[in-house]
Amino acid sequence: MSAQAELAELLEHASKLLELLGADSFRASAHARAARAIEGSQVDLVAMARSLPAQEAKRELVKVEGIGPKMAEKAIEFASTGRVAEIDALAAQVPPGLIALLGLQGVGPKTVRMFWTDAGVTDLAGLVRIINDGTILTLPRMGAKAVEKLKAAVALASESGQRLALGQAWTVAERLVERLMAVPGVSRVEPAGSLRRGKETVGDLDLLVVSGDSAAVVKAFIGMPDVRQVLASGERRASVRVGVKAHSRYDQGAAEGAGSTAGPSVQVDVRVIDADRFGAALCYFTGSKEHNVRLRQRALDMGLTLNEYGLFPNDTSTNVPPHERGIKPVAARTEAEIHAALGLVFIPPELREDRGEQALKETPRLIETSDIRAELHAHTTASDGLLSIVQLAQEALRRGFHTIAVTDHSQSSGQSGGLKPARLREHIKAVRAARAEVPGITILTGSEVDILPNGRLDYDDQLLAELDVVVASPHAALTQDSAAATERLVKAVSHPLVNVLGHPTGRLLLRRRGLEPDLGAVLAAAKANNVALEINCHWMRLDLRDAHVRAAADAGCLIAIDCDVHHTEDFDNLRFGVSTARRGWLTPKACVNTWDAARLHAWLRRGR
DNA sequence: GCCGTTTTCGGCCCGACTGTTTTCAGTCG
């Protein structure tokens, strides 16, 4: 983990400690806010703090919104010693096992603190003990129902309540959207939340439904076959847990039936919305939380108040919410109306992370899936793909692409059927021969060449020079230290025959951290050598990740968005790569896959 | 602990749902 991420995690931890200690809640949230500011910073604040004298570093740090003098001092202390004494002192006052209790569903800081101070609970085992011996029922607000919920939360936590990858979440969401659309009276169903923002992992699903009969929607929803548990159910909303079917080439043998009673599950919230207030609800439930807080503050500053029912004139003389007083909203039907009424340009969902999007003067023309005209990373039966060269090219043509590159694995990737030099030479001939069979698309010869741990490529230069496209990717030695990883990747992108740096870190979401190079150094080398950095679209990779894309775009680097095709359906992952690109504020012109054939082919030939 | 065309002190986003309460505290999104 980078020092920057470690500091963010430490401040987040401090925030939890403060909550458990019953400290001022605003002080606790200030720590959480500072953690987010540091985590999301484009500049490496810890490196900056190390490189400058303390006073100067402090001046720079407090320029970051959410970081004041105290947080700046903590960051500087962390940069030089790797610790923060004040946070160590907080940690010493709180039993470490309590933190895990905060992760239990329905359990917040007040409740954990109560377990601790009133019943001496210091960890999950202690909580289980007082549940089992019945002493929990003597505690405040702990009745039979509360204890039943607590038991379920403990069971869920031990079964692992981890987040879902974006691709898995969409699979579940689309199934539910289809079922809800079939409920009589329903005219519209839209996913909101982090799914709509295209975040790489999703904690739960939010579905917004337009219907004149909310009771029917709630009833149908909580009765759906995949529902394992109903968490809450009211007039206009319901929360349930739904089984998740595991399916991935990274998930061999882990398949679970979607409706089964065991295995992974995800929380799904459904809300029934009136059509004339749909924009307000969509805006509200899409988030992010931080984006919404700033949006509501902006409304207040303008004498307005924003909630999930609309944007209203603010009336401080009453506590009754405006929608209950029959007040007509200033805007509510669409998100665009609300943004406009707040003096903002329309902000695409992927940007709503409180990373400066509310200062935009015009809506950026972000990249879209329809901009993509070429695929530069695809495998055939020659290595570990399932398609022949001709089938691959036909599928690419069917999707409207002008270019497809055949990039099978190189010799070191033995487990993936990597090609020895002699076989690659044969394969090049086969690719050229296929051109006549699929007119209307350019089929390029290529290779996904391993970047060996020392940064050398897996074929000699003479062979690489025979290819139209070289995608250089790290596959092994993905735990090497940051300095070695930086040297490795810089060396690879500095090779004159490399066109694309494939899945630059090699991470697998929720599974493998991958390389953690000095990104700035890699980006500078890529830019200097006119090499594109790949956003690998597979939803288990999404590598580059969103924050890296934004840094790359800011640095003026070229980006390639590629599906790393192994099967026909891998082309469908394009939307995940594009949403990651959009989260990195990427516009089409920096993405080589959007270029017309002449420009793309000329770029690929440079250096050859 | 942060922040500032109403403020350097006194604010700090808003509502639904739940369970245990007789009017509300806590959690969640």
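So you know, we letter chains A, B, ... as the sequences are listed, proteins then strands, and number each from 1.
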Check: Which part of the nucleic acid, if any, lies within contact of A:E86, taking any heavy atom under 4.0 Å across all strands shown: a base, the sugar-phosphate backbone alone, or nothing?
Finding: sugar-phosphate
Check: When you measure from the side chain of A:A232, which nucleotide among B:dG29, B:dT18, B:dC14 comes out closest?
Finding: B:dT18
Check: Is any side-chain N or O of A:Y284 under 3.5 Å from a base N or O of B:dG15, one able to act as donor and the other as acceptor?
Finding: no
Check: Are A:K149 and B:dT18 close enough that a side-chain N or O sits under 4.0 Å from OP1 or OP2?
Finding: no
Checklist line | Aromatic A:W585 / basic A:R355 pairing, under 6.0 angstrom, 45° off normal | finding: no
Checklist line | C1' spacing across the pair B:dG10 / B:dG15, given as an integer number of angstrom | finding: 25 Å
Note to self: Without decimals, in angstroms, what is the distance between A:H31 NE2 and B:dG1 P?
What the structure shows: 5 Å
Next item on the list: Starting at atom NZ of A:K199, determine the distance to atom P of B:dG29, rounded to an integer number of angstrom.
Entry: 13 Å
Next item on the list: Please state how far atom NZ in A:K110 lies from atom P in B:dT20, giving the value in whole angstrom units.
Entry: 18 Å
Check: How would you label the contact of A:H291 with the nucleic acid (heavy atoms, under 4.0 Å): base, sugar-phosphate, or nothing?
Finding: nothing
Margin query: Need the pair for B:dT8. Rule: Watson-Crick or G-U wobble, both distances under 3.5 Å, any strand; none if unpaired.
Written below: none
Notebook entry, point to check: Just checking A:L137: base, sugar-phosphate only, or nothing, at a heavy-atom cut-off of under 4.0 Å?
Noted result: nothing
Next item on the list: Would you mind classifying the nucleic acid contact of A:S233 as base, sugar-phosphate or nothing, using non-hydrogen atoms under 4.0 angstrom?
Entry: sugar-phosphate
Checklist line | Conformer about C1'-N of B:dT20 - syn within 90° of 0, anti elsewhere | finding: anti
Notebook entry, point to check: When the P atoms of B:dC12 and B:dT6 are considered, how many whole Å apart are they?
Noted result: 15 Å
Check: Within the structure shown, what part of the strands sits under 4.0 Å from A:T305 by heavy-atom distance: base, sugar-phosphate, or nothing?
Finding: sugar-phosphate
Next item on the list: For the pair A:H291 and A:H339, name the ring-plane relationship: parallel under 30°, tilted 30 to 60°, perpendicular over 60°.
Entry: perpendicular
Note to self: Rounding to an integer number of Å, can you tell me how far A:L21 CG sits from B:dG1 P?
What the structure shows: 13 Å
Notebook entry, point to check: With sugar-phosphate meaning primed atoms plus P, OP1 and OP2, does A:L300 contact a base, only sugar-phosphate, or nothing at under 4.0 Å between heavy atoms?
Noted result: sugar-phosphate
Check: OP1, OP2 of B:dG29 versus side-chain N and O of A:K289: anything below 4.0 Å?
Finding: no
Notebook entry, point to check: Got a salt bridge between A:E86 and A:K74, using NZ or NE/NH1/NH2 to carboxylate O under 4.0 Å?
Noted result: yes
Notebook entry, point to check: Are A:R582 and A:D546 within salt-bridge range, i.e. N to O under 4.0 Å?
Noted result: no
Show the atom names and distances, to 0.1 Å, of all donor-acceptor pairs under 3.5 Å that link a side chain in residues 114-121 of chain A to residues at least two apart or in another chain.
unit_1 : atom_1 : unit_2 : atom_2 : d
A:T117 : OG1    : A:R113 : O      : 2.9

Next item on the list: Considering only NZ, NE, NH1 and NH2 on the basic side and carboxylate oxygens on the acidic side, decide whether A:K328 and A:D276 come within less than 4.0 Å.
Entry: no
Notebook entry, point to check: What string of B, S and - do you get for nucleotides 2-8 of chain B, 5' to 3', when a contact is any protein heavy atom under 4.0 Å?
Noted result: SS-----
Item checked: B:dG11 and B:dA16, which share atom name C1', separated by this distance in whole Å -> 26 Å
Margin query: Please classify the nucleic acid contact of A:A144 as base, sugar-phosphate, or nothing, using heavy-atom distances under 4.0 Å.
Written below: sugar-phosphate
Note to self: Whole angstroms only, please: what is the CG-P distance between A:D206 and B:dC28?
What the structure shows: 15 Å
Check: Distance between the C1' atoms of B:dG26 and B:dT20, in whole angstroms?
Finding: 11 Å
Note to self: Name the residue from A:R188, A:R333, A:E335 that meets the side-chain contact (heavy atoms from CB on, under 4.5 Å) definition with A:F278.
What the structure shows: A:R188
Next item on the list: Could you list the residues that satisfy ring-ring contact (aromatic ring centres under 6.0 Å, His included) with A:H548, not counting sequence neighbours?
Entry: none
Note to self: For the P atoms, the ones on B:dT5 and on B:dG1, what distance do you get once it is rounded to whole angstrom?
What the structure shows: 23 Å
Notebook entry, point to check: How long is the line joining CD of A:E308 and P of B:dA16, in whole Å?
Noted result: 6 Å
